[in-house]
Amino acid sequence: METSHGICRIAVALGENHSRALLDQVEHWQSFLALVNMIMFCTGIPGHYPVNETTSSLTLTFWYTLQDDILSFEAEKQAVYQQVYRPVYFQLVDVLLHKAQFPSDEEYGFWSSDEKEQFRIYRVDISDTLMYVYEMLGAELLSNLYDKLGRLLTSSEEPYSWQHTEALLYGFQSIAETIDVNYSDVVPGLIGLIPRISISNVQLADTVMFTIGALSEWLADHPVMINSVLPLVLHALGNPELSVSSVSTLKKICRECKYDLPPYAANIVAVSQDVLMKQIHKTSQCMWLMQALGFLLSALQVEEILKNLHSLISPYIQQLEKLAEEIPNPSNKLAIVHILGLLSNLFTTLDVSHHEDDHEGSELRKLPVPQGPNPVVVVLQQVFQLIQKVLSKWLNDAQVVEAVCAIFEKSVKTLLDDFAPMVPQLCEMLGRMYSTIPQASALDLTRQLVHIFAHEPAHFPPIEALFLLVTSVTLTLFQQGPRDHPDIVDSFMQLLAQALKRKPDLFLCERLDVKAVFQCAVLALKFPEAPTVKASCGFFTELLPRCGEVEPVGKVVQEDGRMLLIAVLEAIGGQASRSLMDCFADILFALNKHCFSLLSMWIKEALQPPGFPSARLSPEQKDTFSQQILRERVNKRRVKEMVKEFTLLCRGLHGTDYTADY
């Protein structure tokens, strides 16, 4: 084994490093072909990877190199090489699919979990190689696979092994997953063959599912074929061993083909409800299943949506009502979080605001415009009352609060204006949650509300009250030590930036301590966590342009802007990661554009002390930098380049190889 491994490495190294040169020597084409065949033998070396051999995986990158080299020649030369090497690549496909075959069930049973995982990764590498080879072989590759599969499934002579069928399907799926097969003339035949496969084991069943999933876009353009594969998917949903493949395939079908699924909707919902109630699937698959149902219901008539929603959600509503009455304990908490998660995943994809057609590639289908209240809102209001009840006992539990926020964050995004009737209640509930346990998820939801509703006069009062409340709670958190909560500070900065962008009037309120907010944001610039620093920079780039129009903002910049500049210079001087320099450059640019006279005074003063912002700088270098910055008020990209240069000088890295590609 070691000897063959060594010989293989030499052959692959020769092939990979010299293939272009060897292809160029046309007179030696036969000797190069001999080397290629030698590598082909190594790719197809007998035995199962990784148990009987570990050589074949070394060869895969060679086939990429050879293909790239062949396709890089001009047309005439390429045609010659294609003639020689197309058959070689067809042979490669056969070899790879042979190597991708599972061993016998008995043998596979003896493999360790580590060996199984290595084999799984090896198959993914084979799949990637097949996808790449498609570029060379084109549609003929699919026809080739289809013919083999057809012969295998219809041959009466010899009983076929499931491993052989599985490998051919796996090859098909590898290509169909990433390449548009909508124009392939073999897909209808393949869809016709799939129901003929006698599925005798889990690996084959998984691959059948994933293949159907890979063809879901094709099914959307050929809806008449849905009926031949959907029953297989629904049947597989009941098998816990096929959990990942069956649920992800159903989700793809519901997403891609939703406008053709109404005739099957009742059946899909019934089967899904059944498997959810029997708790066949793990949590993440249950969540995907709810997303699938969200896509499915979105395309139905309003009364149908309501009917299905009620039957789908009622059992969970009853469970929640029961849980809301009970004394809090860990298993109740898990159940509550699970149910809230299911609902939030359903609302993620359930969108009834569609109309006309958002389905590319199909003829325009007019959808009925919903009459009366939005069905999602009807259900949400029912859920809302229940959540109030749940929170009466669980308000101080971070996980429950996060799950509640997730439901509304998802539904606000899909419902937009239809959500309006619930804004006052939600603002009040969010305020209570955040005052009890400050949490990033509550701030993110507040930001959504500001983004969608703050500019509407009717909704401004509750949103303003919520904004002031979360700001005052967060400022208190800053006094107690915000370092333990970088996620809250990050979300708070994003909320402030959104408020300035959508409704600067929020900063006019006398109860808002703009000075404290400004100082906290300067403090946040010094956090070690990059996302928090980015969010704080984003806040300042929204704040500085408002100096003129929002009086309290102008006042605080005049009083405390120098403190901001010093924090920015410290960061550029080496206190912050180099990857964040563009964000700090944005602040400098905004200061220069909107507070020029102040900046020209502050920057000279700030750079005066020796050793600031770095002991490596000469007074001339500091002077040059401040002049460059003050001169550039139009081109933000130039300011970013200046800051990059300056930070390298500050760090003693200027002109070193270390920064050559920086």
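Any value given below was found using the heavy atoms of this structure, including those in side chains, with hydrogens, waters and symmetry copies removed.
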Main-chain N/O of Ser56 paired with Glu53 side-chain donor or acceptor, under 3.5 Å: yes

Could you check Ile407 against Ile387 for side chain to side chain contact (heavy atoms under 4.5 Å, CB included), going step by step and ending with a plain yes or no? CA-CA 10 Å; Ile407 285 193; Ile387 285 177; 4.1 Å; yes

Return the minimal non-hydrogen interatomic distance between Pro195 and Leu232, and the atom names on each side. CA-CD1, 4.3 Å

Do you know the tightest heavy-atom contact between Phe210 and Ser248? CE2-OG, 3.7 Å

CE/Met38: more than 12 non-hydrogen atoms of other groups inside 6.0 Å: no

Would you say that Phe419 contacts Thr414 through its side chain, given a criterion of any heavy-atom pair below 4.5 Å between the two side chains? no

Would you say Tyr170's side chain and Arg123's backbone share a donor-acceptor pair under 3.5 angstrom? yes

Check: Gln78 side chain, Ser72 main-chain N or O, donor-acceptor pair, under 3.5 Å: no

Could you grab the distance from atom CG of Leu190 to atom CG of Leu169, nearest 0.5 Å is fine? 6.5 Å

Close side-chain approach of Leu219 and Asp260, heavy atoms under 4.5 Å: no

Can you name the closest pair of heavy atoms from Ala176 and Val181 and give their distance? CA-CG1, 4.0 Å

Is the gap between the ring centers of Tyr49 and Phe119 under 6.0 Å? no

Does Glu74 CD have over 12 foreign heavy atoms under 6.0 Å away? yes

With side chain to side chain contact (heavy atoms under 4.5 Å, CB included) as the criterion, how do Leu242 and Leu237 come out once you've worked through the C-alpha distance, each side chain's angles and the decisive distance to 0.1 Å? CA-CA 7 Å; Leu242 304 178; Leu237 274 183; over 6 Å; no

Step-by-step side chain to side chain donor-acceptor pair (under 3.5 Å) determination, Trp63 to Thr43: CA-CA 10 Å; Trp63 300 107; Thr43 304; 3.1 Å; yes

Do any N or O atoms from the side chain of Gln163 and from the backbone of Pro103 form a donor-acceptor pair under 3.5 angstrom? yes

Check against side chain to side chain contact (heavy atoms under 4.5 Å, CB included), Glu117 and Ser112: CA-CA 9 Å; Glu117 177 56 11; Ser112 69; over 6 Å; no

Met290 vs Phe347 side-chain heavy atoms within contact, under 4.5 Å: no

Would you say that Leu346 contacts Leu312 through its side chain, given a criterion of any heavy-atom pair below 4.5 Å between the two side chains? yes

Report, as yes or no, whether the 6.0 Å neighbourhood of atom NE2 on His5 holds more than 12 heavy atoms from other residues, nucleotides or ligands. yes

Would you call Glu256-Lys251 a salt bridge at under 4.0 Å N-O? no

One thing to verify: whether Asp274 and Lys278 come together as a salt bridge, which I'm taking to mean a side-chain N less than 4.0 angstrom from a carboxylate O. yes

Atom CG in Leu92, atom NZ in Lys99: separation rounded to 0.5 Å? 12.5 Å

Can you tell me if CZ on Arg20 sees more than 12 non-hydrogen neighbours from other groups inside 6.0 Å? yes

Classify the angle between the aromatic ring planes of Phe73 and Tyr81 as parallel (below 30°), tilted (30 to 60°) or perpendicular (above 60°). parallel

In short, Ser272 meets Ile268 closest at the heavy-atom pair OG-O, 2.7 Å

Which word best sums up how the rings of Trp218 and His222 line up, parallel for under 30°, tilted for 30 to 60°, or perpendicular for over 60°? parallel

If you measure from CG on Asp351 to CG on Leu297, what distance do you get to the nearest 0.5 Å? 12.0 Å

Flag the pair Leu320 / Leu340 as yes when at least one side-chain heavy-atom distance between them is below 4.5 Å, and no otherwise. yes

Side chain to side chain donor-acceptor pair (under 3.5 Å) partners of residues 233-245, not counting sequence neighbours, each pair once: Asp206-Ser245, Ser243-His281

Evaluate side chain to side chain donor-acceptor pair (under 3.5 Å) for Glu177 paired with Ser174, printing each intermediate quantity in order. CA-CA 6 Å; Glu177 254 177 348; Ser174 303; 6.0 Å; no

So OG1 of Thr55 and CD1 of Ile7: to nearest 0.5 Å the spacing works out to 10.0 Å

Do Leu234 and Leu250 have side-chain heavy atoms sitting under 4.5 Å apart? yes

Smallest separation among heavy atoms of Pro188 and Ser184, with atom names: CD-O, 4.0 Å

Stepwise, does the side chain to side chain contact (heavy atoms under 4.5 Å, CB included) test hold for Gln382 with His310? CA-CA 11 Å; Gln382 191 186 356; His310 280 302; 3.6 Å; yes

Which donor-acceptor pairs under 3.5 Å do side chains of residues 25-35 form with protein atoms, sequence neighbours excluded?
unit_1, atom_1, unit_2, atom_2, d
Ser31, OG, His28, O, 3.2

Return the CD1 to CG distance between Ile212 and Leu230, rounded to the nearest 0.5 Å. 9.0 Å

Give a yes or no on this: more than 12 heavy atoms of other residues, nucleotides or ligands lie within 6.0 Å of atom NZ of Lys77. yes

Are side-chain N/O atoms of Asp68 and Tyr132 paired as donor and acceptor at under 3.5 Å? yes

Spell out, as yes or no, whether a donor-acceptor pair under 3.5 Å connects the side chain of Ser298 to the backbone of Thr349. yes

Should Phe62 and Cys42 count as side-chain neighbours, where that means a heavy-atom distance under 4.5 Å? no

Out of curiosity, Gln291 CD to Leu293 CG, how far, rounded to the nearest 0.5 Å? 10.5 Å

Is a donor on one side and an acceptor on the other found under 3.5 Å between the side chain of Thr54 and the backbone of Pro50? no

Cation-pi geometry met for Lys116 and Tyr108 (6.0 Å, 45°): yes

So do the side chains of Ser4 and Ile45 get within less than 4.5 Å of each other, counting heavy atoms only? yes

Which atom of Pro375 lies closest to which atom of Leu309, heavy atoms considered: O-CD1, 4.1 Å

Quickly, which of Thr59, Thr65, Thr61 forms a side-chain hydrogen bond (donor to acceptor under 3.5 Å, both in side chains) with Glu16? Name it, please. Thr61

Does CD in Gln82 sit with more than 12 non-hydrogen atoms of other residues, nucleotides or ligands closer than 6.0 Å? yes

Could you go through residues 135-146 and list every donor-acceptor pair under 3.5 Å that involves a side-chain atom there, pairing it with any protein atom two or more places apart or in another chain?
unit_1, atom_1, unit_2, atom_2, d
Glu140, OE1, Arg86, NH2, 2.7
Ser143, OG, Ala139, O, 3.2
Asn144, OD1, Lys148, NZ, 2.7

